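Reading through the C-alpha cells given below for one structure.
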Number of protein chains: 4
Amino acid sequence: MKKREVPASVKDERLVKKRRNEMIKGAIALFKQKGFHRTTTREIAKASGFSIGTLYEYIRQKEDVLYLVCDRIYDEVRERMEKDIGTHHATVESFKLAIAHYFKVVDDLQDEVLVMYQEAKSLSKESLPYVLNKEMQMVAIFEEILQTCVQNGVFQLTEQEIKLFAHNIVVLGQMWAFRRWSLHKMYTLDEFIELQTEFLLRGILQKRS
Amino acid sequence: MKKREVPASVKDERLVKKRRNEMIKGAIALFKQKGFHRTTTREIAKASGFSIGTLYEYIRQKEDVLYLVCDRIYDEVRERMEKDIGTHHATVESFKLAIAHYFKVVDDLQDEVLVMYQEAKSLSKESLPYVLNKEMQMVAIFEEILQTCVQNGVFQLTEQEIKLFAHNIVVLGQMWAFRRWSLHKMYTLDEFIELQTEFLLRGILQKRS
Amino acid sequence: MKKREVPASVKDERLVKKRRNEMIKGAIALFKQKGFHRTTTREIAKASGFSIGTLYEYIRQKEDVLYLVCDRIYDEVRERMEKDIGTHHATVESFKLAIAHYFKVVDDLQDEVLVMYQEAKSLSKESLPYVLNKEMQMVAIFEEILQTCVQNGVFQLTEQEIKLFAHNIVVLGQMWAFRRWSLHKMYTLDEFIELQTEFLLRGILQKRS
Amino acid sequence: MKKREVPASVKDERLVKKRRNEMIKGAIALFKQKGFHRTTTREIAKASGFSIGTLYEYIRQKEDVLYLVCDRIYDEVRERMEKDIGTHHATVESFKLAIAHYFKVVDDLQDEVLVMYQEAKSLSKESLPYVLNKEMQMVAIFEEILQTCVQNGVFQLTEQEIKLFAHNIVVLGQMWAFRRWSLHKMYTLDEFIELQTEFLLRGILQKRS
DNA sequence: AATGAATGAGTTTTCATTCAT
DNA sequence: CATGAATGAAAACTCATTCAT
C-alpha cells in the first residue's frame with residue numbers, strides 16, 4: 001500500500017518537506033496537550049512558525065495534519081525499531097532484546113503513541129486504512145521475528161499463533177503508554193520490561209518442551 | 001471513591017433515571033458512529049427523544065453526557081462479569097471460564113468498549129479519575145481471581161506479577177474490540193478465546209513446574 | 001394617571017397582594033445584585049418562595065415584575081416622605097428639614113433608588129409612562145413645598161424656577177445613590193446633607209435680598 | 001490610570017482603529033434604541049457593516065463593545081469640552097461660558113450620555129473602574145475651574161465645597177439628558193442653561209458677600 | 001510563496017413561557 | 001391554586017477555510 005499523498009499548493013518539494021516537518025512537530029506538541037479536536041488550525045500554524053494562510057498552502061484540510069502526524073509517528077517508531085532489530089539472530093536472547101528495544105521505543109515516544117491511539121479514529125474513512133496499514137507493519141516486524149525463530153526451531157508455533165502473538169507483543173508494549181496512569185505507579189520501565197518479557201516468553205515458549 | 005454526581009435541574013429522581021437512560025442509549029449510538037466531538041448536543045437530544053432544552057434539564061454540559069456514558073458502560077461490563085464470575089473455584093478450569101466469559105462480554109459490548117477507549121480522554125480533569133477508577137475495578141476482578149488461585153496453590157505468582165497479569169488479561173480482551181479491524185478477519189471469537197487463553201495460561205502457569 | 005394593573009390569573013385579591021409582596025421583595029434583592037436582565041424568572045420565583053409556575057399565576061411576563069418593583073419603590077419613597085413632610089410650615093427651617101429628610105430616605109433606600117435608575121429604561125413603552133409619572137409626583141412634592149414658601153414670601157421664585165429647582169432637589173438627592181462610588185468616599189451623609197442644603201438654599205434664596 | 005486595552009486578533013492597528021470606529025458608531029445607534037442587553041452581537045456586526053466573525057476579530061466579548069462605546073463617549077465629551085474651555089480666565093463670565101458650553105455638549109450628545117448612564121452598570125468589575133475614572137476626569141475639569149476662580153478671589157469655597165459643586169455641575173448638566181422626558185417639555189435648551197447657570201452661580205457665589 | 005483579514009455555518013447553552021398533572 | 005417538566009427560539013461565540021494583496 002502506497003503512502004497517501006497529501007496535496008500541497010506549493011511546488012518546491014524541498015520546501016514542502018521542510019514546512020511539513022515544522023508542522024508535524026508543532027502539531028504533535030499540541031495534540032499531546034489537548035487532542036486533535038481541541039486544537040485549532042491557527043494554533044497549529046502558530047506552533048509551526050507560520051501563518052494560517054501558509055498552513056493551507058501545504059494541506060487541504062485540518063484532517064491532513066492528523067494524517068501527516070500519524071504517518072510520521074509510525075515512521076519514527078519503525079525507524080528506531082529497524083536501527084537495532086535489523087540484526088536479529090533467531091535466538092531467545094535476541095528475541096528478548098527485540099522486545100526490550102521495542103518497549104523502550106514505546107517509552108521514549110509514549111506521548112506520540114498515545115496521540116496515535118486516541119486520535120487515529122478521527123481520521124476520515126479515506127485516510128484510516130493507510131494508518132492501519134502502518135500498524136500492521138509494526139505487527140509484521142514481530143511476526144517476522146517469530147517466524148524466523150520458528151524456522152530455526154527456537155519456538156514451535158502455528159501460523160495462527162504467530163500472528164496473534166505478534167499482536168500481543170505490540171499491544172502489551174503500547175500498554176505502557178496508554179495505561180501509564182496505572183502502570184508507571186507500580187513499575188519502573190525496567191521492571192515492566194522484565195516482567196512482560198518473562199510473561200511473553202513463557203506464553204510463547206511452553207511448547208518447546 | 002464515590003460516584004461523581006451529575007446535577008440535574010429536574011427533581012423527580014425516578015424521572016431523572018429514566019431520561020438519563022434514554023440519553024445514554026441515544027448518545028452511545030451516536031458516539032459509536034461519529035465520536036464524542038463530532039456529535040452535537042442537538043443530535044443527542046433528538047436521539048434521546050426529547051428537545052435540546054430538556055436535555056439540559058438533565059445535564060449541565062455536553063461533557064456530562066460523556067461521563068454518564070462511560071460510567072454506564074463500566075457498570076454494564078461489571079454487571080455482566082459478576083453475574084458469572086461470582087462463583088469462582090480457584091481451579092485452572094474456572095480461571096479459563098472467567099477469561100472466556102470476560103472475552104465474550106467484550107465481544108458483546110465491543111462498540112461500547114471502543115467508545116470508552118477512544119473518548120474517555122475527552123473527559124475533564126474532574127471526571128477522568130472516576131472513570132479510571134472504574135477501569136481499576138475491572139483489573140481488580142482479575143487480581144482477585146489470580147490471588148485466590150495463588151492462595152490455593154494453583155498458580156505461583158508474586159504480588160507484582162498478579163497485578164501486571166491482571167492488566168494483561170484486561171488488555172488482551174479489550175484488544176478484541178480495539179483491534180477488530182485486524183483480528184476479526186483472522187479469528188472467530190472462539191478461536192481468539194482459545195488462543196489467548198492458552199497464551200495467558202502458559203504465561204501464568206509456567207512457574208508451577 | 002391610574003395605576004397600571006398587572007393582571008393575575010389568581011382571583012383571590014388578598015392572595016395576589018401577599019404573593020406579589022413576596023415577589024417584589026425577592027426581586028429587588030436580585031435586581032440590586034445583578035440587574036434586571038441578568039436575573040432569571042426562576043431565580044425570582046425561588047427568591048420569592050414559590051415555583052416558576054406559581055410566579056406566572058401572578059404576572060404575565062418577566063417585565064411585569066420590573067414594573068411592580070419600580071412601582072413599589074416609589075410607593076416606599078413616597079410613603080416615607082409623607083410621614084414627615086405632611087406637616088410643612090413654609091419656613092426656611094422646615095424647608096431644610098424636608099430636604100434633610102428626603103436625603104435620608106434616599107440614603108436608606110439607596111439600593112432601591114439605584115435599581116430604579118438603572119432598570120426603569122427596560123420597561124416597555126406601555127409601562128414606562130406610569131413610572132415616569134411617579135417620578136413626577138416626587139418632583140411635585142418639592143414643587144408644592146417651594147410654592148407654599150413662595151406664597152408665604154419666604155422665597156421669590158417664578159413658576160419656571162419652582163419647577164426646575166424641584167427637579168434639582170430631587171436629582172441632587174438621588175445623586176447620593178447613583179454617584180455613591182465617588183461621594184461616599186468624600187462625605188458622610190450628614191456632611192453631604194449640610195453642604196447640599198447650603199448650596200440649594202443659596203441658589204434658591206438669593207433673590208430674597 | 002491607563003486605558004484598558006481591548007485585545008484584537010487583527011494586527012494592523014490602523015485597521016483595528018477603523019473597524020472599531022465603525023463598530024462603535026453602529027453600536028451606539030443600537031444601544032440608544034434598545035439598550036445593551038437587548039442588542040445582539042449579530043445586530044452590532046450588521047450595523048457595523050461586517051460579519052459576526054469579523055466582529056469577533058476585533059473584540060473578545062460582547063461586553064468589550066460596551067466598554068469601547070463608553071470609552072468613546074467620554075473621549076468625545078472631553079474633546080469637545082477642551083476645545084473651548086482650554087482658555088479659561090477665572091472670571092464669573094468665563095465660568096458662565098464654561099457651563100453653557102458643557103450644557104450644550106450634553107445636549108448635542110444627549111443620546112450618548114443617556115446610553116452611558118443606563119448601560120455603564122453592565123460593565124464587568126474589570127472595566128467599570130476605567131469608566132468611572134473617566135467620569136472623575138469630567139468632574140475634575142470643573143474642579144479645576146472652580147479652584148482657579150477661588151485662587152483668583154472670584155469665589156470663596158472650601159476644598160470640600162469645590163469637589164461637591166463640581167459634581168453638582170456635572171449632574172445638573174447630565175440631567176438635561178436623563179430627565180429629558182420632563183425637562184424638554186418645559187424649557188428650551190437656552191432657558192435651561194440660563195436658569196441653571198443662575199441657580200449654580202448663586203449657590204456658589206453667595207459667600208462672596 | 002506568504003500573509004492574515006474576512007466569512008458564516010455551526011456549536012453550546014440559556015431562559016421565558018406554557019401546560020398537563 | 002400550585003407545581004415543575006418540557007419546550008425551542010435565540011443568544012454568544014468559535015473556527016475551518018478562502019482569497020485578495
Side-chain angles (χ1 to χ4, degrees), chain A residues 8-12 15-16 19 37-46 49-65, chain B residues 8-12 15-16 18-19 37-45 49-63 65, chain C residues 8-12 15-16 19 37-46 49-65, chain D residues 8-12 15-16 18-19 37-46 49-65:
Chain A
S9 307
V10 173
K11 295 301 160 206
D12 181 340
L15 193 54
V16 171
R19 289 274 187 261
H37 279 106
R38 296 205 203 285
T39 301
T40 70
T41 50
R42 282 167 123 109
E43 287 170 324
I44 295 171
K46 193 169 190 185
F50 36 79
S51 71
I52 181 68
T54 302
L55 181 72
Y56 274 86
E57 295 286 317
Y58 296 91
I59 55 163
R60 286 165 318 166
Q61 311 170 56
K62 187 186 175 190
E63 201 227 277
D64 289 343
V65 181
Chain B
S9 305
V10 171
K11 293 170 183 174
D12 182 339
L15 193 53
V16 170
K18 184 181 154 224
R19 289 274 184 264
H37 279 106
R38 295 206 203 283
T39 302
T40 70
T41 50
R42 294 194 114 83
E43 287 171 324
I44 295 170
F50 33 79
S51 70
I52 182 68
T54 301
L55 180 72
Y56 275 88
E57 292 285 309
Y58 295 92
I59 55 162
R60 287 165 316 167
Q61 309 171 51
K62 188 185 175 190
E63 201 228 279
V65 181
Chain C
S9 308
V10 173
K11 295 303 160 204
D12 181 341
L15 194 52
V16 171
R19 289 273 188 262
H37 278 106
R38 296 204 203 286
T39 301
T40 69
T41 50
R42 282 166 122 107
E43 286 171 324
I44 295 170
K46 193 170 190 182
F50 36 79
S51 71
I52 181 68
T54 303
L55 181 73
Y56 274 86
E57 294 288 315
Y58 296 92
I59 56 163
R60 287 165 316 164
Q61 309 170 54
K62 186 185 176 189
E63 200 227 278
D64 289 343
V65 181
Chain D
S9 304
V10 171
K11 294 171 183 173
D12 182 340
L15 192 54
V16 171
K18 185 183 155 225
R19 289 275 183 262
H37 279 107
R38 295 205 203 284
T39 302
T40 70
T41 50
R42 295 194 113 86
E43 286 170 326
I44 296 171
K46 194 168 190 181
F50 33 78
S51 70
I52 182 66
T54 301
L55 180 73
Y56 276 89
E57 293 285 309
Y58 295 92
I59 54 163
R60 286 164 318 167
Q61 309 172 53
K62 187 185 175 190
E63 201 227 278
D64 287 342
V65 181

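Source: prediction; values computed, not measured. Below, chain A is the first sequence line, B the second, and so on; all start at residue 1.
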Item to check | Whichever of B:R42 and D:I52 has its nearest DNA chain E nucleotide further upstream toward 5' | outcome: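 First, find each residue's nearest nucleotide; the 5'-ward one identifies D:I52.
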
Next on the checklist: Pick the closest DNA chain E nucleotide for D:Y58 and for B:T41 by heavy atoms, then say which residue is nearer the 5' end.
Outcome noted: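 The residue closer to the strand's 5' end, by nearest nucleotide, is D:Y58.
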
Paired with [N]: which nucleotide, if any, by Watson-Crick or G-U wobble criteria at under 3.5 Å for both distances?
N      : value
E:dA20 : F:dT3
E:dA1  : none
E:dG8  : F:dC15

Look at all strands and tell whether [X] reaches a base, only sugar-phosphate, or nothing, counting heavy atoms closer than 4.0 Å.
X     : result
A:S9  : nothing
A:R38 : nothing
D:T54 : base

Next on the checklist: Judged by each residue's nearest nucleotide on DNA chain F, which is more toward the 5′ side, C:G53 or C:V10?
Outcome noted: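 The residue closer to the strand's 5' end, by nearest nucleotide, is C:V10.
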
Next on the checklist: Here's a test of your reading of the structure: between D:E63 and B:R19, which maps to the more 5' nucleotide of DNA chain F?
Outcome noted: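 It is B:R19 whose nearest nucleotide is closer to the 5' end.
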
Checklist entry - Do A:T54 and A:R19 come within less than 4.5 Å of each other through their side chains, counting heavy atoms only? => result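 Yes, at least one pair of side-chain atoms sits under 4.5 Å.
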
Checklist entry - Does some side-chain heavy atom of A:Y58 sit less than 4.5 Å from a side-chain heavy atom of A:L15? => result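 They are in contact (side-chain heavy atoms under 4.5 Å apart), so the answer is yes.
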
How long is the line joining [atom1] of [X] and [atom2] of [N], in whole Å?
X     : N      : atom1 : atom2 : value
B:L55 : E:dT14 : CG    : P     : 12 Å
D:K11 : E:dT3  : NZ    : P     : 9 Å
D:E57 : E:dT3  : CD    : P     : 17 Å
A:L15 : E:dA1  : CG    : P     : 7 Å

Next on the checklist: I need the single residue from B:I59, B:I52, B:V65 that forms a side-chain contact (heavy atoms from CB on, under 4.5 Å) with B:T41. Which is it?
Outcome noted: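 Filter result, single survivor: B:I52.
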
Checklist entry - Which nucleotide of DNA chain F is the first, and which the last, in the 5' to 3' direction, to come under 4.0 Å of a heavy atom belonging to chain A? => result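 The protein-touched segment is F:dC15 to F:dT18.
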
Checklist entry - Considering all heavy atoms of both residues, which atom of D:R60 and which atom of D:D64 are nearest to each other, and what is their separation? => result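 Of all heavy-atom pairs spanning D:R60 and D:D64, the closest is N-OD2, 2.9 Å.
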
Next on the checklist: I need the minimum non-hydrogen distance between B:H37 and B:K62, along with the two atoms involved.
Outcome noted: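 Between these two residues, the closest heavy atoms are O-NZ, 3.7 Å.
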
Next on the checklist: So, taking the atom named CG in C:L55 and the one named CZ in C:R42, what distance separates them when rounded to the nearest 0.5 Å?
Outcome noted: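 One finds 11.5 Å between CG of C:L55 and CZ of C:R42.
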
Item to check | Pairwise distance CD(C:E57) to NZ(C:K11) - rounded to 0.5 angstrom | outcome: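 Going from the CD atom of C:E57 to the NZ atom of C:K11 covers 10.0 Å.
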
